[in-house]
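Here the structure is a predicted model, which means the values were calculated and not measured. Note that the numbering runs from 1 along the sequence shown for the chain.
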Amino acid sequence: MHHSSFKKSVLGIVGTLAMAGGLALASVAPANAAGEYKAPRDISWSWEGPFGTFDRAALQRGFQVYKEVCSACHGLKFLKYRNLGDEGGPGFSEAEVKAIAAQYQVMDGPNEDGDMFERPAQPKDTFKYPFENEQLGRLANNGAYPPDLTLMTKARDGGADYLYSLLVGYEDAPADMTMQPGMNYNPYFSGKQIAMAQPIYPDSVSYADGTEATVEQMAKDVTTFLHWAAEPKLEARKSTGFVVVLFLVILAGLLYFTQRKIWSDQH
Ligand code: HEC
C-alpha cells in the first residue's frame, strides 16, 4: 500500500467513525426535541464501569419489591427460582431459595390419571406468571398488557435509568393535556400516558434489612434487581473482560520486547 493511500484510508475510517458518532447523537435528540417524552435521569449504578458489580443487598431488596409489588402484574419468564442463588446474583442460600419457591403453587402433570395438579414450586421452576394467560392479564389492566420484565432494562432506550425514572416519575397531568380514561400521566413514558398506575408509594414494602422504603430507594433497588435479571452474567463478563485485557497488555509487552530483540540482533 502506498503511503498516501494508507493515509487516505485512515482518514476515511476516522471520518466514518465521526459520522457514525454524529448520527448516533442526532438520532437521540429529535425524540426529546419533539417533546414526546422526557429524557431519563442519569443515575450512577454500582455495576457501571469496567469493575462494576451488583450490590448484593440492593438485589435482595429489589427482589422483595418485585415479589411484593410488581409480581402482581409482571412475569419474569426467563428466571427460575434457583437463579436467585446463582453466583453474581442476589445470593440467597439454597434453603432461602427453596422457601421462596415454596410460597408459589404451580401447575404440573399430567399424573397417572391424566390430570393436571397443583404443587408448591421448586427451585427448578420458572418464576410464576401472575395471570393464567395474556387475555386475563389485559382484562385485569384496562386492556393494557403488563409486559414481561426479564429483559426490560435492555429493551428500552435509557435502560436502567429509564426504568428508574419511570417508577419515580408519576405526576399530575398538566391542565392542558387530555388524558384517556384509565391512563396515568408520566413524562418519561413514550406518549406520556401509561396504563400502569403508580406502582410504588412510600413504605409500599417493609424492608427486611431495615432500609427506609422511600419511593427512590425502592425504585433503585427494583431496577437493580431487574437489571441483574436482564444480565445475570454481568459480573462474570466483566471479570473475563479484565483478564482478557490484562492478557493483551502482557502479550503486547512481550511482542514489543521480542521485536526489539530481533531487530537489534540484525544490526
Ligand atoms: C396493577 C398492575 C401492575 C403493577 C403492580 C405493576 N405494573 Fe408495570 N405495567 C402494568 C401495565 C398494565 C403496563 C403496560 C402499560 C402501558 O403499556 O401503557 C406496565 C408497564 C410496565 C413497564 C413498561 C414500560 C414501557 O416502557 O413500556 C415497566 C418497566 C413496568 N411496568 C415496571 C413495573 C415495576 C418495576 C413494577 C413494580 C414496582 C410494576 N411495573 C408494577 C401493570 C402493573
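- In terms of heavy-atom proximity, T153 sits nearest to A230 at OG1-CB, 3.5 Å.
- For the pair E235 and R56, the salt-bridge criterion is met [side-chain N within less than 4.0 Å of a carboxylate O].
- Residue P146 comes nearest to G137 through the heavy atom pair CD-O, 4.0 Å, listed as atom of the first residue, atom of the second, then distance.
- When atom types are taken as modelled, the side chain of N83 and the backbone of D86 share no donor-acceptor pair closer than 3.5 angstrom.
- Salt-bridge check for R237 with E231: passed, with a basic side-chain N closer than 4.0 Å to an acidic carboxylate O.
- Hydrophobic clustering keeps F78 apart from Y81 (ILVMFWY residues linked when any side-chain heavy atoms are closer than 4.5 Å, directly or through intermediates).
- None of W45, Y164, F54 except one satisfies the side chain to side chain contact (heavy atoms under 4.5 Å, CB included) rule with H227; the exception is F54.
- Salt-bridge annotation for D148 and K77: absent, with no side-chain N of the basic residue lying under 4.0 Å from a carboxylate O of the acidic one.
- Side-chain atoms of Q103 and K67 include a donor-acceptor pair closer than 3.5 Å.
- A side-chain donor from one of S190 and E36 sits under 3.5 Å from a side-chain acceptor of the other.
- There is no path of hydrophobic side-chain contacts, each under 4.5 Å, that joins Y162 to F225.
- No side-chain donor from either of W47 and D55 sits under 3.5 Å from a side-chain acceptor of the other.
- Aromatic rings of F127 and Y104 (six-membered ring for Trp) have centroids beyond the 6.0 Å cut-off, not under it.
- Between D125 and K80, no side-chain nitrogen of the basic residue sits less than 4.0 Å from a carboxylate oxygen of the acidic one, so the salt-bridge criterion is not met.
- Annotation for A219 and L167: closest pair CB-CB, 3.9 Å, computed over non-hydrogen atoms.
- Residues W228 and L234 are not in side-chain contact: their nearest non-hydrogen atoms beyond the backbone lie 4.5 Å or more apart.
- The existence of a salt bridge linking E134 and R138 is confirmed by a sub-4.0 Å separation between a basic side-chain nitrogen and an acidic carboxylate oxygen.
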